[in-house]
Amino acid sequence: MFSRPMTWRRHLRLLSNKRTGWLHTPSESSSESSSESSSSTPGTTTPPFKVTHSISNPVYVKSIGTQRILVSSHTLTVPLTSSNKQGPLDDSSPLNCPLTVHSTVIDLLPSSTSSSKVLNYLNSPAWTSLERSSKYISLFEQAGSPPIKSILYLQGGPGFPSPRIGVSLGIEGDSSWASKALSSGFNRIVLMDQRGTGHSSPVTSQTLELKFGDDVKGKGEYLRFFRATEIVEDAEAFRDVLNGGGRWGAVLGQSFGGFCLATYLTTGGGAADKIENAIFTGGIPPVFVDDVKEVYDKLWVKVVERNDKYYEQYPGDVGIVKEIVRALKDDPQKLPGGGVLTARRFLQLGMSLGGGPGAFEGLHELFATAFVDGAKGEKVISKNFLRAVEREQPFDTNPIYALLHESIYCDGENKSSRWAAARSLEAHKLRPLFDFESRCENGNDDDKVYFYGEMVFPWMFEDYEELQGLKDVAENLAQREDWGKLYGEEPVKARGACAVYHDDMYVDRELSLEVLDKLLVGVQPWITNEYQHSGLRDAGAMIFNKLMEKSKD
């Protein structure tokens with residue numbers, strides 16, 4: 001274990017250890033809160049800055065069959081970067097200001113617990129949001145309370161928030177990973193919004209403009225601290241507060257969340273003291289590449305395979321897609337929310353080709369709505385089609401997905417991405433398949449127009465409304481070489497398991513297995529062709545159970 005004399009996370013743990021009981025009066029709590037926020041105490045080390053843990057929204061209880069869960073919203077104040085730990089944080093500079101990181105926490109209530117008492121206690125108007133967090137901690141430390149066994153979920157992306165209960169995460173029934181976790185020994189689920197997403201200091205073109213104005217370098221410097229290393233630091237802060245520094249019973253990393261989990265395991269030391277089970281679903285990072293371009297050299301092959309499977313299922317769409325591409329090439333369409341639907345942007349709909357059941361069907365139905373008849377019988381692009389395309393493309397609302405996508409492969413200095421996907425395609429033997437202009441105009445009706453996969457391109461910062469003002473920022477990030485290390489170099493013996501999807505369009509199978517063999521040596525692979533990259537969403541309970549069992553091997 002590495003020494004932490006008084007890091008911001010240790011200070012946070014000390015604060016969380018000041019617990020109150022059920023019978024403390026509001027005046028006692030107010031006194032305690034005041035002592036926590038004081039800047040110094042004689043004979044003690046002055047904390048580097050004030051860290052807060054709050055529950056701002058009222059908690060609520062939800063019944064799930066015969067069980068009940070308590071749902072609460074937790075917010076921590078954390079530094080932008082570890083270099084900010086040396087002194088108090090303030091808002092005088094965007095690069096020296098605190099961030100807020102949010103988690104939705106689901107607690108399984110014991111059958112003997114009264115829901116009304118819990119709600120009346122935690123939602124008492126006597127508590128401030130800071131005091132409510134302290135009361136929450138004390139609630140689960142009462143005599144007779146079952147030990148906390150928590151699971152942290154790390155979302156895919158980058159740039160997307162954690163799923164929301166009942167909206168994008170099923171908690172009822174027995175089909176989701178979350179419901180399976182609650183029925184198999186876990187009694188707490190932590191759904192953390194990674195920094196820059198959801199309620200965690202969200203990054204949008206608007207928020208960047210408000211913080212930095214026209215300062216392109218400032219925006220680039222700020223965004224480089226929204227990667228896996230800082231996400232792991234935020235997860236550690238929640239582990240200190242919610243678990244009192246104890247281990248996560250499991251960490252579940254989906255896709256990019258698995259990349260973050262690999263960072264968690266291989267950096268900082270003491271992985272076994274932090275995580276009992278490491279569960280990856282389609283998320284082993286390609287650590288051993290010299291150039292980010294190598295990642296895309298392999299992924300373009302998978303993209304072609306998924307295109308071919310789509311057209312095999314819907315051969316009639318060869319002509320329909322060509323017709324749409326021709327129409328957009330001749331007359332790009334202004335979208336309802338701004339931006340332009342060009343032919344190249346339309347072809348980014350192929351990003352969903354790597355999904356599971358319903359992915360192909362969804363695209364097929366979308367293409368069928370592309371045209372309506374004009375007054376003279378001519379075909380006109382449908383406004384409903386334009387709205388539907390806009391809903392399918394998340395880059396305007398989640399710009400981190402475009403700005404930092406290639407940076408997730410930049411492991412250390414001298415690893416700039418330099419628009420790796422575009423560089424790879426330009427030199428790739430499959431490049432002619434993606435030349436949509438020639439394939440639409442060569443007169444061969446059998447030539448398919450191939451969709452792109454999960455790739456970002458410089459031209460996106462022309463076609464997407466909210467990305468247009470970030471074009472120079474994207475170039476700054478693509479060219480910079482001062483990235484920090486994402487992964488350790490020494491093999492880690494971690495207890496865990498990983499779903500490696502044989503035909504994964506987003507994460508290459510061979511590169512994943514190399515990392516499991518050389519770096520994450522304790523993580524057991526489960527290679528399957530039954531599911532695509534969305535397996536955790538499509539068959540969450542089964543896959544979660546399979547991997548938890550395999551982690552015991």
Side-chain angles (χ1 to χ4, degrees), residues 156-160 254-256 258-259 282-286 289 292-314 317-318 321 324-325 342-356 358-364 366-367 389 392-395 398 400-409 417 419-436 439 448-460 463-464 478 500-512 529 531-535 537:
F160 295 98
Q254 159 64 17
S255 191
F256 170 68
F259 287 30
I284 299 294
V289 294
V292 180
K293 173 180 170 291
E294 297 172 39
V295 176
Y296 293 100
D297 290 344
K298 289 182 172 291
L299 293 182
W300 283 117
V301 177
K302 293 299 182 183
V303 172
V304 168
E305 290 176 1
R306 293 302 289 174
N307 270 273
D308 288 339
K309 285 184 180 294
Y310 176 82
Y311 284 122
E312 181 182 346
Q313 184 168 327
Y314 295 108
D317 282 2
V318 172
V321 169
I324 296 171
V325 169
T342 57
R344 61 194 182 186
R345 176 171 172 174
F346 165 73
L347 293 175
Q348 283 196 297
L349 289 171
M351 188 177 301
S352 66
L353 286 172
F360 285 7
E361 291 78 3
L363 286 177
H364 173 68
L366 176 61
F367 301 153
V389 171
E392 290 294 317
Q393 298 182 322
F395 297 105
N398 303 78
I400 283 179
Y401 195 35
L403 290 166
L404 292 177
H405 197 279
E406 291 192 348
S407 81
I408 68 177
Y409 304 111
S417 66
W419 302 108
R423 288 191 293 117
S424 173
L425 182 59
E426 184 65 27
H428 209 289
K429 64 181 181 181
L430 296 174
R431 182 182 181 279
L433 297 181
F434 295 92
D435 185 353
F436 63 86
R439 295 181 77 82
K448 297 171 282 192
V449 172
Y450 282 77
F451 290 88
Y452 304 125
E454 191 184 39
M455 287 84 176
V456 296
F457 303 94
W459 53 257
M460 292 170 59
D463 293 2
Y464 289 83
V500 178
Y501 302 117
H502 187 275
D503 303 316
D504 200 325
M505 191 182 84
Y506 309 97
V507 179
D508 183 73
R509 179 186 72 253
E510 293 177 356
L511 294 178
S512 295
N529 62 359
Y531 303 98
Q532 290 296 325
H533 192 74
S534 59
R537 181 178 66 238

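Every value quoted in this text rests on a predicted model; they were computed, and no experiment measured them. Computation of the quantities below employed the complete heavy-atom set of this structure, encompassing side-chain atoms and omitting hydrogens, waters and symmetry-equivalent molecules.
Contact annotation: the side chain of Tyr409 never approaches that of Val289 to less than 4.5 Å [non-hydrogen atoms, C-beta and beyond]. Taking the side chain as every heavy atom from C-beta outward, Met455 and Val303 approach each other to under 4.5 Å. Counting only heavy atoms from C-beta outward, the side chains of Arg345 and Phe395 never approach each other to under 4.5 Å. Contact of the Tyr464 side chain with the Gln393 side chain is registered, since non-hydrogen atoms from C-beta on lie closer than 4.5 Å. Using a 4.5 Å heavy-atom threshold, the side chains of Glu361 and Gln313 count as touching. With a 4.5 Å cut-off on side-chain heavy atoms, Asp308 and Val304 count as touching. The shortest distance between side-chain heavy atoms of Phe360 and Arg306 falls below 4.5 Å. For the pair Leu363/Ser352, a side-chain contact is recorded, criterion being any heavy-atom separation below 4.5 Å from C-beta on.
By the salt bridge (charged side-chain N to carboxylate O under 4.0 Å, His left out) test, Arg439 is found to be paired with Asp447, residues two or more places apart in sequence or in another chain being considered. Annotation: side chain to side chain contact (heavy atoms under 4.5 Å, CB included) contacts of Ser255 (sequence neighbours excluded): His533. With sequence neighbours left out, Lys309 forms a salt bridge (charged side-chain N to carboxylate O under 4.0 Å, His left out) with no residue at all. Listed by chain and residue number, nothing satisfies the salt bridge (charged side-chain N to carboxylate O under 4.0 Å, His left out) test with Asp503 (two or more places apart in sequence, or in another chain). Taking the side chain to side chain donor-acceptor pair (under 3.5 Å) definition, one finds that Ser417 meets it with Glu406, sequence neighbours left out. Pro432 pairs by the side chain to side chain contact (heavy atoms under 4.5 Å, CB included) definition with nothing, not counting sequence neighbours. Residues passing the side chain to side chain donor-acceptor pair (under 3.5 Å) test with Asp317 are Tyr310, His364, sequence neighbours excluded. By the side chain to side chain donor-acceptor pair (under 3.5 Å) test, Glu312 pairs with no residue at all, sequence neighbours left out. Among residues two or more places apart in sequence or in another chain, the salt bridge (charged side-chain N to carboxylate O under 4.0 Å, His left out) test is passed with Glu305 by Lys302. Partners of Leu347 under the side chain to side chain contact (heavy atoms under 4.5 Å, CB included) rule, at least two apart in sequence or in another chain, are Val325, Phe436, Val449, Phe451, Tyr452. Residues satisfying the side chain to side chain contact (heavy atoms under 4.5 Å, CB included) test with Ser424, not counting sequence neighbours, are Lys293, Tyr296, Asp297, Trp300, His428. Annotation: side chain to side chain donor-acceptor pair (under 3.5 Å) contacts of Tyr401 (sequence neighbours excluded): Glu454.
Using modelled atom types, one side-chain atom of Ser534 and one backbone atom of Gly356 make a donor-acceptor pair closer than 3.5 Å.
Pro458 and Ala422 get closest at one heavy-atom pair: CD-CB, 4.4 Å. Closest non-hydrogen pair, Val295 versus Pro286, comes out as CG2-CG, 3.7 Å. Pairing each heavy atom of Val456 with each of Ala402, the nearest pair is CG1-CA, 3.9 Å.
Interatomic distance, CZ of Phe259 versus CD1 of Ile284, reported as 8.5 Å (0.5 Å rounding). The structure places CZ of Phe434 at 6.0 Å from CG of Asn307, a figure rounded to the nearest 0.5 Å. From Leu430, atom CG reaches atom OH of Tyr450 across 9.0 Å, with rounding to the nearest 0.5 Å. Atom-to-atom distance recorded for Arg344:CZ and Met460:CE is 10.5 Å, nearest 0.5 angstrom. Here the NE2-CG distance, from His405 to Asn398, works out to 12.0 Å after rounding to the nearest 0.5 Å. Distance CG/Leu299 to CE/Met505: 8.5 Å, rounded to 0.5 Å.
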